[in-house]
Amino acid sequence: MNVEQDNDRLVDAYLKELAKAAEALPAARRTELIDDMKAHIAEERAAGASSESEIRQILQRLGDPQEIVAAATEGLVLVEVPPKLRPSDMVALALVFLGPYLPSIWVPMIAYVIGIGMLWSSNRWTVAWKLLGTLNWPLAYAVLLGMEATIQPPWALSITVDTLIGVALLVGMVLAAKAPAKVQPAGQAS
Amino acid sequence: MVAEKVFTQLRRGTLEFCVLALLQGEPRYGFELVKALGEVDGLVTTEGTIYPLLARLRREGLVETSWRESESGPPRRYYTSTAEGGQALAAFTADWQRFCASVDAILENGRRG
């Protein structure tokens, strides 16, 4: 019973590593490859492999996931799928960075929340950048409040600092946007 | 092993024709095919790479697949060679034999010096 669970865990870890290595494959190929591997391991186990060392041997014979995926990418080239920013990503940035300047109270709030939702559902940024984008409004606000409490700057300076923070973050996010790498048949690359 | 790199390349190049050869008669399912190849000395080092190879042969129209029920467990994907697969194998076999003969002849001559 316990051995079964340990074996399941070994197999799951292997399949997880394979799935990660296969991320760049076109979806249909990735699914087929993983299904084939699952079926193979199930056949081995049905044929009597039950001890931990037997399971390890099976996985070792199957080979390094990287190597298997490399075999699946033959005839494919790695290409970055353009564009870096899709229209939805630009809308997300606009809502997050310009939303707070919209008139009234509820409009900026709603725009900001929708923008954050779009930002986090996009695959163009790392978590760190998404976090920075999300914190833009509170961050700029905190800086302004801090300045207000300490040096009491003129209104124009406050606006300038606020704008600079926003613009710097916006430029950073536009530059940091990255389309996920995908592989596809060599002929279709261009 | 001597010339490991060379044999890695050779294996990569010839394995698909070994697969085609095994698929000329009865259809075989993936696991069965992998095991049959694995029993041959020095041919397969990583069993897992045979599955992407089978997928490619199917995309190229050299093998075709069908699902069949198994007595135990879920249905299995069976592979069999198409006519194109048979032709590709025949062409390769002729070239391979000529190639082997040439290499053997040179190696023999070289040894006699």
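Chain naming here is simple, since letters A, B, ... match the order of the sequence lines and numbering starts at 1 in each. Note that the structure is predicted; figures quoted are calculated from it, not measured.
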For atom [atom1] of [X], is the number of surrounding heavy atoms from other residues, nucleotides or ligands below 6.0 Å larger than 12?
X: A:Leu175; atom1: CG; result: yes
X: A:Met90; atom1: CE; result: yes
X: A:Tyr101; atom1: OH; result: yes

**Request:** Determine the option with the most heavy-atom pairs under 4.5 angstrom with chain A, choosing from B:Arg59, B:Arg77, B:Glu32.
**Result:** B:Arg59
**Message:** Please rank B:Val34, B:Leu54, B:Ile50, B:Thr46 by heavy-atom pairs under 4.5 Å with chain A and give me the top one.
**Reply:** B:Thr46
ILVMFWY cluster, [X] and [Y] together (side-chain gap under 4.5 Å):
X: B:Ile106; Y: B:Leu10; result: no
X: A:Ile105; Y: A:Tyr141; result: no
X: B:Trp96; Y: B:Val19; result: yes
X: A:Val96; Y: A:Leu164; result: no
X: A:Val174; Y: A:Val127; result: yes

**Request:** With chain B as the partner chain, list the residues of residues 30-44 of chain A whose heavy atoms fall under 4.5 Å from it, by residue number, and write 'none' if nothing qualifies.
**Result:** A:Glu32, A:Leu33, A:Asp36, A:Met37, A:His40, A:Glu43, A:Glu44
**Item:** Inter-chain contacts: residues 50-71 of chain A against chain B, heavy atoms under 4.5 Å
**Value:** A:Arg61, A:Leu62, A:Gly63, A:Glu67, A:Ile68, A:Ala71
**Message:** Quick check on B:Val44 against chain A: is it the side chain, the backbone, both or neither that has a heavy atom closer than 4.5 Å?
**Reply:** neither
**Fill in**
Students should find that the hydrophobic cluster of A:Leu102, defined by side-chain heavy atoms under 4.5 Å apart, otherwise consists of A:Val107
**Prompt:** What residues, two or more places apart in sequence or in another chain, satisfy side chain to side chain contact (heavy atoms under 4.5 Å, CB included) together with A:Ser158?
**Reply:** A:Leu144, A:Glu148, A:Pro153
